[in-house]
Amino acid sequence: MYVIKVPLGVRSYSISIGDSLLARLGPECKRLYLGQRCAVITDRNVAPRYAGTVVESLQASGFEPARITVPAGETAKSLKVVASCYDQLAEHRMERKSFVVALGGGVVGDVAGFVAATYLRGVDFVQVPTTLLAQVDSSVGGKVGVNLKAGKNLVGAFYQPRFVLCDLDTLETLPVREYRAGLAEIVKYGIIHDVELFRRLEQVMPKMLQRDPDTLSSVVARCCQIKAGVVGKDETESGLRAILNFSHTLGHALEAISGYGKFLHGEAIAIGQVFAARLSAELLGFPQRDVERIAGLFEKAGLPTHIKLSPAQREKLFEAMHHDKKVSDGIVKFVLVNKIGQVSFGQPVPLDLVEKVLTGPPVQTTSPEQAAGANAAHSALRSQHSAF
Ligand SMILES: NC(=O)c1ccc[n+]([C@@H]2O[C@H](COP(=O)([O-])OP(=O)(O)OC[C@H]3O[C@@H](n4cnc5c(N)ncnc54)[C@H](O)[C@@H]3O)[C@@H](O)[C@H]2O)c1
Ligand SMILES: [Zn+2]
């Protein structure tokens, strides 16, 4: 088992990563002297698979858990679902000392975390992430919140969990497309902070795709360590934390214009990362062969690296960036790559260059094996791309 510390003074906490950890939730909560009454917030896909083990573990350690099940998917990140959770917490007579367990992917983590941050002005909460994306990213760092009609994550808080429990066994039931989407955030950590991780992923991507437990646990632990380090230095994103948004300017805009759910977040940011690497080649002299390595690694992971947009779709994309307050005076701020393992945030990029790179041909990767993988991945995704 790996244990990673998130260093935030009195709000410091640890992330445990390993196999068969769900059954240890009760003892862990006891070790932290959490209150007796609690609520396990989960979704309709995760509940039948894992809520039983979690509830039993809590009961065996003397806790009194209620179970709250929200719908699966992004639509559950709403104030309506939050209000329904509040009602159920009240029914269960939750008190200031009670706590919330978020059992599920990033959606459940964000909703349950927001509920915990606001119910009775804040109760303790514990993250038990069950998707790869949630294990390496959303469960760590304390960003919680929900969407409004006007946009994603517009209501929220910084609210740190008391601890994070990543049971890698839960990934066995994660659908392959969701799993691959998590790999996009993993590659991101290599690009923004750790060239060794990037090189390692180039070697072990087939094992990652097989969900090999040893490879997976060490890679997940490394990603959590990187995120913990960044969050420890800049909890509320006044500077450095912005590097975690690498590729998200384009990624979020793509998600917005294609209708949320068409692209998984990880798919959109895989395209965004290759795009940011190409901008970096134009502006910072980032080597073309490293742009190809990045595209090649996503192809190996079965993720898309490029999108062809019609002029009307490009127009919409720029609008989405404006809406996201990413554009002013014809300039968009991006996180760009100096070299693999090192990025700079807040880099101004003229919209004309964004347009030029967007309309350019896809990056050609060299290895025939990668090209074959890419073709398979692209044909699998083509139907989604052309659908909007
Ligand atoms: N708070 C943050 O810092 C942060 C960071 C990144 C992303 N996010 C948010 O995370 C959300 C995306 O999270 P996600 O990708 O985990 O999506 P998700 O929570 O929607 O989960 C994906 C799908 O997998 C199902 N699922 C979850 N675990 C499973 C398992 N073990 N077996 C089978 N099915 C399982 C879910 O029911 C869902 O249908 C977005 O809303 C995004 O905004 C937040
Ligand atoms: Zn992301």
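Note that ligands are numbered from 1 as they come in the structure, with each ligand's atoms numbered from 1 the same way. The first residue of the sequence shown is numbered 1, and numbering continues consecutively from there.
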> Knowing that exactly one of E202, Q203, E196 qualifies, which makes a side chain to side chain donor-acceptor pair (under 3.5 Å) with R199?
Replying inline: E196
> Side chain of R67, backbone of V55: donor and acceptor closer than 3.5 Å?
Replying inline: no
> Hey, is the main chain of N45 close enough, under 3.5 Å, to the side chain of D43 for a donor-acceptor pair?
Replying inline: yes
> What's the spacing between E267 CD and S258 OG if we round to 0.5 Å?
Replying inline: 9.5 Å
>> Please list the nearest protein heavy atom to atom 1 (N) of ligand 1 with its residue and the distance rounded to 0.1 Å.
In response: K143 O, 2.8 Å
> Should the proximity of E185 to ligand 1, defined as any heavy atom under 4.0 Å, be assigned to the side chain, the backbone, both, or neither?
Replying inline: neither
> When you measure from atom 30 (C) of ligand 1 to every protein heavy atom, which one gives the shortest distance, and what is it?
Replying inline: T173 OG1, 3.5 Å
> Considering only heavy atoms, does E178 approach ligand 1 within less than 4.0 Å through its side chain, its backbone, both, or neither?
Replying inline: side chain
> Is the closest basic N to carboxylate O distance between E74 and K152 below 4.0 Å?
Replying inline: yes
> What is the NE2(H265)-the Zn ion (ligand 2)-NE2(H248) angle, to the nearest 10 degrees?
Replying inline: 100°
> What atoms of ligand 1 come within less than 4.0 Å of a heavy atom belonging to D137?
Replying inline: 5 (C), 6 (C)
>> I need the nearest protein heavy-atom contact for atom 20 (O) of ligand 1: residue, atom name and distance, please.
In response: V107 CG2, 3.4 Å
>> Can you tell me if K227 contacts ligand 1 (heavy atom of the residue under 4.0 Å from the ligand)?
In response: yes
> Below 4.0 Å from any atom of ligand 1, is there a heavy atom belonging to K152?
Replying inline: yes
> Is the centre of the F99 ring less than 6.0 Å from the centre of the F63 ring?
Replying inline: yes
>> At less than 4.0 angstrom from any non-hydrogen atom of V46, what atoms of ligand 1 do you find?
In response: 26 (N), 27 (C), 28 (N), 29 (C)
>> Only heavy atoms of R49, strictly under 4.0 Å: list the atoms of ligand 1 that pass.
In response: 33 (C)
>> Would E74 count as a contact residue for ligand 1, given that I'm defining contact as a non-hydrogen atom of the residue lying under 4.0 Å from a ligand atom?
In response: yes
> Which is it for E178 and T131 under the side-chain hydrogen bond (donor to acceptor under 3.5 Å, both in side chains) test, yes or no, and what are the steps along the way?
Replying inline: CA-CA 8 Å; E178 297 288 351; T131 63; over 6 Å; no
> Taking atom 24 (O) of ligand 1 as the point of reference, which of L132, L174, L171 owns the nearest heavy atom?
Replying inline: L174
>> With no hydrogens and no angle check, just 3.5 Å: does a side-chain donor-acceptor pair link S344 and N338?
In response: yes
> When you measure from the side chain of R162 to the backbone N and O of F125, does any donor-acceptor pair fall under 3.5 Å?
Replying inline: no
> What residue and heavy atom of the protein are closest to atom 27 (C) of ligand 1, and at what distance?
Replying inline: T131 CG2, 3.3 Å
> So which of the N, O or S atoms of E185 lies nearest the Zn ion (ligand 2)?
Replying inline: OE2
> What part of D110, side chain from CB on, backbone N/CA/C/O, both or neither, has a heavy atom under 4.0 Å from ligand 1?
Replying inline: side chain
> Does D234 use its side chain to pair, donor to acceptor, with the backbone of L240 at less than 3.5 Å?
Replying inline: yes
> What protein heavy atom sits nearest atom 31 (N) of ligand 1, and how far away is it?
Replying inline: T170 O, 2.9 Å
> Backbone N or O of P129 within a donor-acceptor pair of the Q135 side chain at under 3.5 Å?
Replying inline: yes
>> For V40, run the side-chain contact (heavy atoms from CB on, under 4.5 Å) check against I68, L58, V126 and tell me which one passes.
In response: L58
> What protein heavy atom sits nearest atom 25 (C) of ligand 1, and how far off is it?
Replying inline: N45 ND2, 4.0 Å
> To the nearest 0.1 Å, how far is atom 37 (O) of ligand 1 from its closest protein heavy atom, and which atom is that?
Replying inline: D43 OD2, 2.7 Å
>> Rounded to the nearest 0.5 Å, what separates atom CG in L25 from atom OG1 in T53?
In response: 10.5 Å
> Hey, which atoms in ligand 1 end up nearer than 4.0 Å to a heavy atom of Y50?
Replying inline: 31 (N)
>> For atom 5 (C) of ligand 1, what is the closest protein heavy atom, and at what distance to 0.1 Å?
In response: S138 CB, 3.4 Å
> Under a 4.0 Å heavy-atom limit, does L133 contact ligand 1 with its side chain, its backbone, both, or neither?
Replying inline: side chain
